[in-house]
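The structure under discussion appears below in the form of structure tokens.
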Amino acid sequence: AKVIVAAGFMQATALTKAAAEFTDVKFVFVDRDSAVTTEDGTALKNVLGICFQEEQCGYLAGYAVVKEGFTKLGFTGGGGGDNPACCRYGYGFVQGASAAAAEMGVKVEMNYSWLYGSSFQASNELQTMAAGWYQNGTEVIFACGGSMFQSVAAAASAEDAKVIGVDVDQSFESDTVITSAMKGIGQAAETALKAAESDDTWNAFIGDGATTITLGAKDNAVGLPTATWSLNGWTVAEYEQMLADIVAGKVVIDGSDVPEPASTDNVTVNIVK
């Protein structure tokens, strides 16, 4: 193989070992927040790390559901609060919900938890927690953590509630999905493969190899799914205008890795531990 694409941080150990051995092969590491280095800290120039501005699509999802009329929200994330991408998704979600709530003059309550998500897997414990949230008034939960979606969707289905999907359009997996906070994993791979067509384009794209390439709204690499749009309180045209405003810098979103966001003037964040 001339180029190998690996998606997902859990492949880091295997990819680093392979890249160090096969230095004439180009490796693309999608969802990597830091450079891939050898044991002595040297960045591997044959590895291109790509990450995303998840805070942007998290913001859009939070804004969308509040505009839809939901004021009792939930966020359950993977990685136990130590995964930067999930932290950005969640923090963006809070910011978007707060912006929409401020515009509409409403107050939002949000349960926020990393419980039962360290392995990104579905579990009875997670489903029980989500069901409890729904039974106590939560209307929609952002399921941010791979297979965790299955537990939250099962709880939502039983309680006639809603779910926000993550990474890809998950509406095809459950009719409980109202929208999904998506990042362009395919777009990232396509961008990297074009860069890998020659050593010159690769080196120009990867630079010194010590930093990752970050893709966001400006690269058409984050957003909400418009092909399966089911929202009534916010139109596709309004969404596309906000996406343009994010690109133009008119809407500013904090992309910090914040595991436990503070409450805002319009969103009360209840950290569940």
Side-chain angles (χ1 to χ4, degrees), residues 5-16 27-37 47-62 73-97 110-123 125-127 129-130 133 141-153 163-170 173 180-189 211-216 221-223 253-262 269-273:
V5 178
F9 72 96
M10 295 178 74
Q11 300 189 60
T13 300
L15 183 146
T16 302
F27 290 83
V28 179
F29 197 178
V30 181
D31 247 0
R32 176 71 177 185
D33 283 82
S34 58
V36 177
T37 61
V47 181
L48 170 61
I50 298 179
C51 61
F52 301 88
Q53 292 178 281
E54 290 92 355
E55 71 278 3
Q56 294 180 344
C57 47
Y59 182 101
L60 291 164
L73 314 181
F75 170 86
T76 178
D82 294 326
N83 181 272
C86 290
C87 288
R88 291 193 294 269
Y89 267 130
Y91 188 32
F93 185 59
V94 172
Q95 293 175 71
M110 184 186 300
N111 286 330
Y112 201 101
S113 183
W114 300 102
L115 283 174
Y116 316 119
S118 59
S119 64
F120 293 85
Q121 298 299 311
S123 68
E125 293 83 0
L126 177 59
Q127 184 171 336
M129 183 181 75
W133 287 5
I141 296 175
F142 184 10
C144 183
S147 296
M148 293 171 65
F149 171 85
Q150 298 166 8
S151 295
V152 179
V163 179
I164 298 168
V166 74
D167 288 348
V168 298
D169 183 357
Q170 293 193 284
E173 299 181 45
S180 298
M182 304 192 308
K183 57 186 179 185
I185 296 170
Q187 175 71 15
T211 58
T212 54
I213 305 300
T214 302
L215 303 179
V222 298
I253 305 164
D254 188 346
S256 303
D257 301 339
V258 179
E260 296 184 359
V269 180
N270 175 35
I271 306 294
V272 179
K273 298 183 178 181

CD (Gln187) and CZ (Phe52) are apart, to the nearest 0.5 Å, by 9.0 Å
Taken to the nearest 0.5 Å, the spacing of Tyr116 OH from Ser151 OG works out to 11.5 Å
Across all chains, not counting sequence neighbours, the side-chain hydrogen bond (donor to acceptor under 3.5 Å, both in side chains) partners of Gln170 are Glu173
Contacts of Asp167 meeting side chain to side chain contact (heavy atoms under 4.5 Å, CB included) (sequence neighbours excluded), chain-then-number -> Tyr89, Lys183
Here the gap from Ile50 atom CD1 to Leu48 atom CG, rounded to the nearest 0.5 Å, amounts to 4.5 Å
If you apply the rule side-chain contact (heavy atoms from CB on, under 4.5 Å), what do you find for Ile164 with Ile141, and how did you get there? CA-CA 6 Å; Ile164 298 168; Ile141 296 175; over 6 Å; no
For Phe120, the side chain to side chain contact (heavy atoms under 4.5 Å, CB included) test, sequence neighbours excluded, returns Phe9, Asn83, Cys86
In short, Val222 meets Leu215 closest at the heavy-atom pair CG1-O, 4.4 Å
With sequence neighbours left out, the residues meeting side-chain hydrogen bond (donor to acceptor under 3.5 Å, both in side chains) with Asp82 are none
Residues passing the salt bridge (Lys or Arg N to Asp or Glu O under 4.0 Å) test with Glu260, sequence neighbours excluded, are Lys273
dist Phe149:CZ -> Leu126:CG (nearest 0.5 Å) comes out at 12.0 Å
* Residue pair Leu15, Thr13: steps toward the side-chain contact (heavy atoms from CB on, under 4.5 Å) verdict -> CA-CA 6 Å; Leu15 183 146; Thr13 300; over 6 Å; no
Those residues at least two apart in sequence (or on a different chain) that pass side chain to side chain contact (heavy atoms under 4.5 Å, CB included) with Thr214 are Cys51, Gln53, Thr212
When every non-hydrogen atom of Gly8 is compared with those of Asp31, the smallest separation belongs to N-CB, 4.1 Å
Is it the case that the ring center of Phe75 lies less than 6.0 angstrom away from the ring center of Trp133?
no
Applying side chain to side chain contact (heavy atoms under 4.5 Å, CB included) to Asp254 and not counting sequence neighbours gives Tyr91, Gln95, Ser256
